[in-house]
Amino acid sequence: MASSSPSSNERQLFPPVSDVRPALAQYGTGLKTGVTGLAFWSAIVLPFLYFPLLAYGLRSSSIVGAFVGLLALNVVAAVIGHRYHD
């Protein structure tokens, strides 16, 4: 019959939650900084992709859709990345 207390191997594989939270907080901060930085630089670079679309002209619905999607992506990147290096 199995006992209800974990074995010593299980204790090593699964540390208590109080030991894990500081590590998760550290990774969360780094992840937030990385995502914010990526969004910031994307908001700077994405407008350069407008030029080929505008130079070709907004002749078809697929090009207009690409332009609107790119514009929406740029707005989202600017909103997420606006606090970078704050």
Side-chain angles (χ1 to χ4, degrees):
M1 190 159 235
S3 66
S4 61
S5 64
S7 68
S8 61
N9 288 339
E10 288 176 343
R11 280 188 221 131
Q12 290 174 353
L13 291 175
F14 303 106
V17 175
S18 61
D19 292 344
V20 175
R21 285 186 184 160
L24 289 177
Q26 179 184 5
Y27 289 123
T29 303
L31 183 63
K32 181 181 175 186
T33 302
V35 168
T36 306
L38 180 65
F40 174 81
W41 288 108
S42 295
I44 291 173
V45 172
L46 283 173
F48 291 104
L49 298 177
Y50 298 157
F51 295 123
L53 293 174
L54 293 174
Y56 184 73
L58 301 176
R59 298 178 191 156
S60 69
S61 61
S62 62
I63 294 175
V64 171
F67 181 77
V68 170
L70 188 61
L71 184 63
L73 183 63
N74 195 359
V75 169
V76 169
V79 168
I80 293 172
H82 82 282
R83 303 269 322 199
Y84 184 61
H85 279 301
D86 222 10

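Quick note: numbers below take in every heavy atom, side chains included, and nothing from hydrogens, waters or symmetry partners.
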What distance separates [X] [atom1] from [Y] [atom2], expressed to the nearest 0.5 Å?
X	Y	atom1	atom2	result
Leu53	Tyr50	CG	OH	9.5 Å
Leu38	Thr33	CG	OG1	12.5 Å
Leu49	Leu71	CG	CG	12.0 Å
Asn74	Phe48	CG	CZ	11.0 Å

- Task: Search all heavy atoms of Ala77 against all heavy atoms of Ser42 and return the closest pair with its distance.
- Result: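 That closest heavy-atom pairing would be CB-CB, 4.2 Å.
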
Grouping I, L, V, M, F, W and Y whenever their side-chain heavy atoms are under 4.5 Å apart, do [X] and [Y] come out in a common cluster?
X	Y	result
Val45	Phe40	no
Ile80	Leu31	yes
Leu58	Leu46	yes
Ile63	Phe51	no
Val76	Ile44	no

